[in-house]
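Structure, as structure tokens:
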Amino acid sequence: MWSLPASEGESATAHFFLGAGDEGLGTRGIGMRTEESDSELLEDEEDEVPPEPQIIVGICAMTKKSKSKPMTQILERLCRFDYLTVIILGEDVILNEPVENWPSCHCLISFHSKGWSLGHQLFLTHWRTVYRILQEEGIDLPRYAVLNRDPARPEECNLIEGEDQVEVNGAVFPKPFVEKPVSAEDHNVYIYYPSSAGGGSQRLFRKIGSRSSVYSPESSVRKTGSYIYEEFMPTDGTDVKVYTVGPDYAHAEARKSPALDGKVERDSEGKEIRYPVMLTAMEKLVARKVCVAFKQTVCGFDLLRANGHSFVCDVNGFSFVKNSMKYYDDCAKILGNTIMRELAPQFQIPWSIPTEAEDIPIVPTTSGTMMELRCVIAIIRHGDRTPKQKMKMEVTHPRFFSLFEKHGGYKTGKLKLKRPEQLQEVLDITRLLLAELEKEPGGEIEEKTGKLEQLKSVLEMYGHFSGINRKVQLTYYPHGQEALTPSLLLVLKWGGELTPAGRVQAEELGRAFRCMYPGGQGDYAGFPGCGLLRLHSTFRHDLKIYASDEGRVQMTAAAFAKGLLALEGELTPILVQMVKSANMNGLLDSDGDSLSSCQHRVKARLHHILQQDAPFGPEDYDQLAPTGSTSLLNSMAVIKNPVKVCDQVFALIENLTHQIRERMQDPKSVDLQLYHSETLELMLQRWSKLERDFRQKSGRYDISKIPDIYDCVKYDVQHNGSLGLQGTAELLRLSKALADVVIPQEYGISREEKLEIAVGFCLPLLRKILLDLQRTHEDESVNKLHPLYSRGVLSPGRHVRTRLYFTSESHVHSLLSVFRYGGLLDETQDAQWQRALAYLSAISELNYMTQIVIMLYEDNTRDPLSEERFHVELHFSPGVKGVEEEGSAPAGCGFRPASSENEEMKTDQGSMENLCPGKASDEPDRALQTSPQPPEGPGLPRRSPLIRNRKAGSMEVMGGAWEKEVVKLLIGQYLPGSLHLFVALDKSYSSDRSNYVML
């Protein structure tokens with residue numbers, strides 16, 4: 001039976017020495033001895049004679065395991081059973097004595113340890129056997145294939161390696177995939193990444209210090225040895241380790257995946273940080289199956305939670321949980337009860353399994369009037385990029401049609417090619433056509449030589465292909481565009497890569513974004529925003545990151561995640577594990593070359609107005625700016641006569657290309673490298689193309705090129721200013737004025753057009769946001785902190801859902817249009833909403849890293865149907881500080897300022913100020929630079945660019961039945977009094993920290 005707690009029997013002397021002769025293990029334990037010290041009874045043994053009869057439990061393993069701290073904790077508790085005595089067999093006995101000479105025992109606890117193992121336990125060291133047993137038991141595991149390089153079995157050694165996949169004995173594994181040695185004792189596991197994510201591999205190994213893996217640029221698989229190749233399972237950077245004690249008990253812990261950045265998170269005592277989590281009902285069934293199938297009473301295995309399912313990827317046999325008193329209690333209790341149940345009848349010991357009251361789950365509630373953050377949703381534009389460039393041509397050659405058919409283009413009428421081998425096929429066709437045109441200039445090839453030359457030139461840039469750099473889109477036209485015969489519209493896009501500055505912007509914003517999460521105390525690894533990191537490290541943070549299929553957007557998401565979660569190392573492993581971008585059904589992507597009928601009408605009207613060689617009159621203002629946008633009216637005042645401004649812009653471009661050509665003739669500029677490895681020749685190519693395309697042969701201007709011109713000059717002013725090119729400042733001023741009219745108005749001129757176009761772009765995203773808010777309360781597929789193990793965590797039940805959506809400018813414009821023009825509030829009746837719309841009206845550009853953030857709060861102390869139960873906030877920032885003149889950005893009133901109901905300046909307990917104490921209220925914030933920052937000293941927390949210098953004020957919040965009202969919010973309807981919205985509009989990177997406004 002289970003004995004009294006140790007505190008009630010401390011006066012009693014232990015029966016035997018524990019670990020006699022082993023340095024550092026000379027502690028005493030009740031009823032425990034080692035075989036070597038069998039004859040060395042204590043002098044006062046007679047003071048406490050164990051009851052008769054005794055059941056002898058033998059421990060058979062190497063000393064490093066049998067006398068480890070976890071095993072010692074378990075055995076000490078096991079010895080509290082009055083009828084159990086534990087003997088630890090020494091290594092000399094195990095290795096050198098025949099079994100017949102071992103001390104007799106009634107129960108043997110034996111497990112595999114380095115240097116020795118019972119024969120039936122060796123199968124756990126062979127992956128093939130482990131996977132076979134898992135499959136036989138119907139347990140989900142990643143799809144896999146075995147490459148056996150045994151000369152005697154050549155049929156198991158067929159490997160074909162491609163650029164982004166391997167084929168193993170007929171089974172194809174696209175990257176990312178995992179390569180494991182067939183021996184489970186070999187921990188050198190490699191994960192290979194696709195070229196579209198940057199390529200290379202992550203090399204996992206047994207922990208050495210604070211490292212468990214390193215990134216390598218090597219992308220080729222190993223050529224010697226036998227391996228298991230398996231499908232990579234994206235787990236959002238978290239692994240779950242499960243420990244069973246018998247088929248009915250499972251303890252689970254989550255830790256940061258070693259494949260993420262290779263850094264082992266350790267606590268102040270140097271131990272790896274792990275937090276117990278709760279298993280779902282299905283996972284508990286899997287734990288039972290593993291325990292029974294492998295015939296291991298004490299067993300450990302690894303779970304991968306991916307795509308709503310749980311997969312077993314490793315079975316470890318006898319495994320210990322470290323530093324969990326509750327687990328030690330449970331493990332010893334279950335083992336002791338199991339032994340007593342089997343042997344007590346034989347020894348005629350009166351014994352029955354004790355019953356205990358079930359543990360009551362701890363359900364934390366919020367205290368006072370503080371509201372609990374439940375959900376954070378952010379829609380974020382990508383970071384700084386190189387100029388986007390595009391070329392269109394109509395193709396009719398059979399080779400292009402064959403390519404279109406080969407890759408399944410006829411299924412949808414559209415085809416996107418970005419993989420290296422696909423781009424190589426396009427290049428091969430182009431080279432063949434140019435070679436045939438050179439032989440027969442007047443042949444049957446209809447494609448224009450100039451366009452083919454440009455296509456070839458762009459595809460041959462950099463000397464290698466990468467899906468992040470270039471892509472080709474093909475669209476089928478049954479009746480052609482120019483001809484009446486079927487044709488394909490080929491659109492080649494290049495450039496648009498995330499720059500080093502863009503990575504810094506995304507990482508810095510990720511670091512600053514932590515401060516959106518209230519709560520948490522103390523410091524975390526020298527970083528501010530410890531509330532979020534504490535939340536995430538204890539696996540109470542349900543984080544999912546989504547990105548469109550554009551490389552710059554995906555890399556922005558990875559860099560943001562790196563800053564948000566204080567990760568280290570390369571972006572590729574973070575991208576592959578943390579960022580979801582496949583099979584999203586247009587959630588964040590849009591076909592920029594396929595315009596709706598409304599967009600066509602808007603574009604035609606916009607071109608017509610801007611082609612008039614006359615100053616803007618009242619009628620033009622009515623036609624072009626019916627919404628009365630302040631920024632639009634200001635830009636029209638700068639332009640005055642659109643054709644005259646276009647003339648000036650064209651002249652400045654001509655002058656710019658002339659200067660670049662002159663610079664190229666200068667011997668000093670031969671090896672001149674511009675920003676991001678660009679050359680003067682490439683710079684001339686993009687400006688020359690704009691020069692050709694902007695002014696057409698008819699003398700009219702192609703207004704659609706204005707955003708590209710502004711894009712290019714902004715890039716060169718910001719990154720290539722050291723060239724000292726004349727006229728760039730004026731070109732920037734004029735092109736920005738034109739772009740500030742063209743870009744926002746391409747998404748609709750009137751309110752109705754803006755809403756129609758917005759719905760076309762972002763309706764799937766709006767629906768997804770609604771689902772995110774609705775599912776905040778119940779989701780069994782996430783890692784939930786187990787409350788019974790959560791000592792030191794103030795709110796173990798808190799579970800915050802974060803969804804981050806990284807996308808392009810079109811989705812951000814569209815989503816903002818829904819909030820602005822969807823009838824959310826009556827601005828004539830709500831002063832706060834009026835101020836917010838005035839701020840939005842003054843914003844001329846949604847720059848890189850623009851954010852729209854939705855935050856849902858809950859007060860668990862309120863009735864579920866009460867209007868004070870929930871509270872929604874909307875936050876907005878127009879992104880990085882641009883190259884415009886200082887002070888030109890509109891001013892706002894700050895992050896969480898005093899509400900209209902209470903103008904007294906009081907510090908909100910959940911505001912950013914509390915996360916970073918010590919900041920004076922009148923201290924000016926520093927602007928965040930867009931270039932890489934100098935390294936900071938160790939231990940110095942990085943200053944968050946989102947922290948405000950204005951004290952936040954208190955505000956009454958109302959929520960009510962938020963699910964119903966958020967639906968209305970998203971479709972642009974609002975019922976006054978049902979839901980109060982608290983909306984922040986801020987400019988994150990402006991040097992003037994007063995540039996914030998609240999709705």
Side-chain angles (χ1 to χ4, degrees), residues 142 163-166 173-180 187-222 229-240 254-265 272-273 302 304-307 311 313-314 383 466-468 498 500 502-504 506-507 510-511 525 533 536-537 543-547 549 551-582 804 806:
E163 174 86 28
D164 272 329
Q165 67 176 42
V166 291
F173 294 88
K175 293 180 180 178
F177 60 76
V178 181
E179 180 187 64
K180 294 178 177 178
H187 296 270
N188 294 294
V189 176
Y190 291 3
I191 300 171
Y192 295 91
Y193 301 123
S195 58
S196 61
S201 55
Q202 193 78 9
R203 304 192 168 191
L204 282 63
F205 44 79
R206 263 198 186 279
K207 289 190 287 284
I208 301 174
S210 289
R211 302 299 305 180
S212 58
S213 70
V214 295
Y215 176 77
S216 167
E218 179 57 55
S219 294
S220 298
V221 299
R222 287 172 278 191
Y229 290 88
E230 67 181 45
E231 185 179 3
F232 177 81
M233 312 303 292
T235 61
D236 299 316
T238 302
D239 284 353
V240 177
R255 63 167 184 176
K256 188 173 80 172
S257 169
L260 189 56
D261 64 353
K263 182 186 177 185
V264 179
E265 295 289 351
E272 183 179 16
I273 294 175
D302 291 359
L304 300 177
R305 287 172 165 175
N307 305 320
F311 302 86
C313 66
D314 189 8
S466 170
I468 291 176
L498 190 68
R503 294 190 181 200
V504 171
E507 191 173 337
R511 187 175 287 111
L533 292 173
H536 197 79
S537 67
L543 171 67
K544 295 263 189 313
I545 301 175
Y546 300 88
D549 70 348
R552 59 182 170 273
V553 179
Q554 294 176 14
M555 284 300 180
T556 297
F560 185 95
K562 182 178 179 181
L564 180 71
L565 303 178
L567 301 175
E568 295 183 356
E570 299 295 323
L571 293 185
T572 296
I574 300 171
L575 170 62
V576 172
Q577 297 203 60
M578 298 290 293
V579 181
K580 304 175 187 300
S581 60
L804 305 175
F806 290 85

| Worked check of side chain to side chain contact (heavy atoms under 4.5 Å, CB included) between Lys263 and Arg211 | CA-CA 5 Å; Lys263 182 186 177 185; Arg211 302 299 305 180; 3.9 Å; yes
| task | Take Leu260 and Met578 through the test side chain to side chain contact (heavy atoms under 4.5 Å, CB included) and record every step on the way to the result. | result | CA-CA 8 Å; Leu260 189 56; Met578 298 290 293; 3.7 Å; yes
| query | Do you know the tightest heavy-atom contact between Ala557 and Phe806? | reply | CB-CD1, 3.5 Å
| request: Indicate the atoms forming the closest heavy-atom contact of Asp164 with Pro194, along with that distance. | output: OD1-CA, 3.3 Å
| field | Pairwise distance CD(Gln554) to CD1(Ile545) - rounded to 0.5 angstrom | value | 12.5 Å
| message | Determine whether Lys256 and Asp261 satisfy the following criterion, side chain to side chain contact (heavy atoms under 4.5 Å, CB included), listing intermediate values before the conclusion. | response | CA-CA 9 Å; Lys256 188 173 80 172; Asp261 64 353; 3.0 Å; yes
| said: How long is the straight-line distance from CG of Asn188 back to NZ of Lys180, given to the nearest 0.5 Å? | reply: 13.5 Å
| field | Ser212 side chain vs Val264 backbone, donor-acceptor pair below 3.5 Å | value | no
| field | For Phe232 against Pro176, the heavy-atom pair lying closest together | value | CB-O, 3.2 Å
| query | Rounded to the nearest 0.5 Å, what separation is found between the OG atom of Ser219 and the OH atom of Tyr193? | reply | 11.0 Å
| Heavy-atom closest pair, residues Pro573 and Ala259 | CB-O, 3.7 Å
| Sub-4.5 Å side-chain heavy-atom contact between Lys562 and Leu571 | yes
| query | Does Glu163 reach the side chain of Ser195, with side-chain heavy atoms less than 4.5 Å apart? | reply | yes
| query | Roughly how far, to the nearest 0.5 Å, is CG of Leu564 from CD1 of Ile574? | reply | 11.0 Å
| message | So does Ser201 get a backbone contact from the side chain of Ser216, meaning a donor-acceptor N/O pair under 3.5 Å? | response | no
| remark: Scanning both residues in full, the closest heavy-atom pair of Ser213 with Leu204 reads CB-CA, 3.8 Å
| task | Mind checking the CD-OG1 spacing from Glu570 to Thr572? Nearest 0.5 Å is all I need. | result | 6.5 Å
| Test log, rule side chain to side chain contact (heavy atoms under 4.5 Å, CB included), inputs Asp302 and Asp239 | CA-CA 7 Å; Asp302 291 359; Asp239 284 353; 5.7 Å; no
| request: Indicate yes or no for a side-chain donor-acceptor contact from Glu179 to the backbone of Arg222 under 3.5 Å, with no hydrogens or angles considered. | output: yes
| message | For the OH atom of Tyr190 and the CZ atom of Arg203, what is their distance to the nearest 0.5 Å? | response | 4.0 Å
| Is the side chain of Glu231 donor-acceptor paired with the backbone N or O of Phe173 at a distance under 3.5 Å, no angle test? | no
| Any idea which heavy atoms bring His187 and Arg206 closest together, and the distance? | NE2-NH2, 3.1 Å
| Tyr229 vs Phe177 aromatic rings, parallel, tilted or perpendicular, using cut-offs 30° and 60°? | perpendicular
